[in-house]
Amino acid sequence: PEAITIQELANRMSERAVDVIRMLMKQGAMHKITDVIDADTAQLIAEELGHTVKRVAASDVEEGLFDTVDDSTDTEPRSPVVTVMGHVDHGKTSLLDALRHANVVSGEAGGITQHIGAYQVSSPETGKKITFIDTPGHAAFTAMRARGAKVTDIVVLVVAADDGVMPQTVEAINHAKAARVPIIVAINKIDKPDAKPERVRTELLQHEVQVESFGGEVVDVEVSAKNKTNLDKLLEMIALQAEILDLKTNSHRPAEGTVIEAKLDRGRGPVATVLVQRGTLRVGDIIVAGAEMGRVRALISDQGETVQEAGPSVPVEVLGFNGPPEAGDRLAVVENEARARQITSYRAHQKRENAAASISGMRGSLEQMMS
Ligand code: GTP
Ligand code: MG
């Protein structure tokens, strides 16, 4: 349903809001400046005030931005994208750190200086890469999923062997199931004297996660992030699961991706960590994400190195946005700045209207009215 606030309508016509309200009053409707009116009424008012109306549909503006429906050109293999989830303090960050450092060849140990929300690790067996996303809590994951961004191929569910299945463990299970993403269980803190891995497996069963030793299909690995026990095995299991998923992509097209996190950096301006999902992102590309646009000024790898391009499943820091987009925003490369401006100004406008509509409490009832 399309709707607009009276204020916004007046702004767009460069008319005074009181004149709009007066017109509406003539038609027998009393309104405040913050009220939302439907698109047909708005058009009527605009025409009576002598304006020509051009109604733009979302489908026109967003046309061709993401052709995820057509995956027929996705023929190249790509690395799996893995999200680590689990209850607070069960060792997610420790495990990610251990995996990352286990992978850093000696001499490079001091090389990783900055932490970005996503990075790649090579499997010791095959040398194939695995992309890990360190989502800051479940909220981000939920937000991404709610916006239709599917970023993760596999969830590694971390459960501390001394604590067992806890509320956020269950939440993570539900998220993974809702997103239809396979789970690999990492039973962590196996080094602890009070570790009870068998109890973890039993508790998981109560939440319909059936590990292999219980006749199910979910792989579990006993690990210790602290002692770096079984990390290779975990990587191997991830690689195996990825093989089954047979992930494909196309690197020869304009990039599409998802913003993992973004911030306003004092020195560097807006910085977004982006997971490229299809195509190749290059320095100089004109990009849109949410209501923000820009031109890629620099790309920085998870190793902190400047790179010229980033292909599918590669996480990169992107510099050059005019403002920081939001986590979960989808990134697309567009042909020119005019197109980028058209898309982002339309989206910014939609955002304002949605905000205004929900403030005036009209959105729900309007939607009901028009559905
Ligand atoms: P949040 O981000 O707060 O949800 O926690 P987290 O899941 O990232 O846990 P984190 O890695 O911060 O670890 C929590 C605590 O558990 C820290 O004190 C770690 O040192 C400890 N820890 C993590 N892994 C292990 C392990 O394998 N063995 C032992 N003994 N302690 C561990
Ligand atoms: Mg953590």
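With Lys92 contributing its side chain and Gly86 its backbone, the two residues share a donor-acceptor pair below 3.5 Å. Side chain of Asp265 to backbone of Gly267: a donor-acceptor contact under 3.5 angstrom is found. Within the 3.5 Å criterion, the main-chain N or O of Gly294 finds no donor-acceptor partner in the side chain of Asn322. Remark: side-chain polar atoms of Thr202 are paired, donor with acceptor, to backbone N or O of Glu198 under 3.5 angstrom. A donor-acceptor pair under 3.5 Å is formed between the side chain of Asp153 and the backbone N or O of Val81. Put simply, the side chain of Glu292 gets close to the backbone of Gly323: a donor and an acceptor are under 3.5 Å apart.
Taken together through direct or relayed side-chain contacts under 4.5 Å among Ile, Leu, Val, Met, Phe, Trp and Tyr, Leu247 and Phe132 form part of one hydrophobic cluster. The cluster map of Ile, Leu, Val, Met, Phe, Trp and Tyr, joined by side-chain heavy atoms under 4.5 Å apart, puts Leu44 and Met25 in different clusters. Both Val221 and Leu245 are part of a single hydrophobic cluster, where members link through side-chain heavy atoms under 4.5 Å apart.
Atom CG of Leu275 sits about 12.0 Å away from atom CD of Glu256, to the nearest 0.5 Å.
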Salt bridge (charged side-chain N to carboxylate O under 4.0 Å, His left out), that's the test. Do Lys26 and Glu48 meet it? Break it down for me. CA-CA 12 Å; Lys26 271 193 215 156; Glu48 279 195 46; 6.0 Å; no
Kindly determine whether Val82 and Thr131 satisfy side-chain contact (heavy atoms from CB on, under 4.5 Å), including the steps that lead there. CA-CA 6 Å; Val82 177; Thr131 303; over 6 Å; no
Verify side-chain contact (heavy atoms from CB on, under 4.5 Å) between Val165 and Val209, making sure each step is shown before the conclusion. CA-CA 11 Å; Val165 170; Val209 176; over 6 Å; no
Salt bridge (charged side-chain N to carboxylate O under 4.0 Å, His left out) for Asp285 and Arg282? Distances and angles first, verdict last. CA-CA 6 Å; Asp285 281 348; Arg282 295 191 173 84; 5.6 Å; no
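Residues Glu76 and His252 meet the side-chain proximity criterion, which asks for heavy atoms closer than 4.5 Å. The shortest distance between side-chain heavy atoms of Ile4 and Ile37 falls below 4.5 Å. Ile187 has its side chain within reach of Arg201: a pair of non-hydrogen atoms, C-beta onward, lies under 4.5 Å apart. The closest side-chain heavy-atom distance from Gln210 to Leu204 is not below 4.5 Å. For the pair Gln168 and Val88, the minimum side-chain heavy-atom distance is below 4.5 Å. Using a 4.5 Å cut-off on side-chain heavy atoms (C-beta onward), Leu319 and Ile300 make contact. Using a 4.5 Å cut-off on side-chain heavy atoms (C-beta onward), Val185 and Val218 make contact. Counting heavy atoms from C-beta outward, Glu203 and His207 have side chains that stay 4.5 Å or more apart.
Counted within 6.0 Å of CD on Gln27, heavy atoms from surrounding residues, nucleotides or ligands total more than 12; the atom is thus considered enclosed. The local environment of CD in Glu217 is sparse, with at most 12 non-hydrogen atoms from other residues, nucleotides or ligands closer than 6.0 Å.
Between His51 and Glu15, the side chains place a donor N or O and an acceptor N or O closer than 3.5 Å (distance only, hydrogens not considered). A side-chain donor-acceptor contact under 3.5 Å links Gln277 and Thr258. At a cut-off of 3.5 Å, with distance as the only test, a side-chain donor of Thr41 or Asp38 sits close to an acceptor on the other residue. Using a 3.5 Å distance cut-off with no hydrogens or angles, the side chains of Ser79 and Ser313 do not pair a donor with an acceptor. Checked by atom type, the side-chain pair Thr249/Asp74 shows no donor-acceptor distance below 3.5 Å. For the residue pair His87 / Asp163, no side-chain donor-acceptor distance below 3.5 Å is found, with atom types taken as modelled. If you check the side chains of Arg339 and Gln342, you find a donor sitting under 3.5 Å from an acceptor.
Listed by first and then second residue, the side-chain hydrogen bond (donor to acceptor under 3.5 Å, both in side chains) pairs that reach into residues 237-246 are Asp246-Lys248, sequence neighbours excluded. Annotation: salt bridge (charged side-chain N to carboxylate O under 4.0 Å, His left out) contacts involving residues 177-191, sequence neighbours excluded, are absent.
Contact between Pro325 and Ala272 at its shortest, heavy atoms only, is CG-CB, 4.1 Å. When all heavy atoms of Val316 and Ser301 are compared, the pair lying nearest together is CG1-CA, 4.4 Å. Between Thr344 and Val288 the shortest heavy-atom distance is CG2-CG1, 3.8 Å. When all heavy atoms of Ala239 and Ile130 are compared, the pair lying nearest together is N-CD1, 4.4 Å. Nearest heavy-atom pair across Gly91 and Val158 is C-CG1, 4.2 Å. Among all heavy-atom pairs drawn from Val283 and Val307, the shortest one is CG2-O, 3.9 Å.
Scanning for salt bridge (charged side-chain N to carboxylate O under 4.0 Å, His left out) contacts around Lys32 gives Asp35, with sequence neighbours left out. Residues satisfying the side chain to side chain contact (heavy atoms under 4.5 Å, CB included) test with His349, not counting sequence neighbours, are Glu8, Arg12, Arg352, Glu353. Every residue meeting the side chain to side chain contact (heavy atoms under 4.5 Å, CB included) condition with Glu212, not counting sequence neighbours, appears here in chain and number order: Val219. Every side chain to side chain contact (heavy atoms under 4.5 Å, CB included) that Val18 has, sequence neighbours left out, goes to Arg16.
By the 6.0 Å and 45° rule, Arg100 stacks over the aromatic ring of Tyr119.
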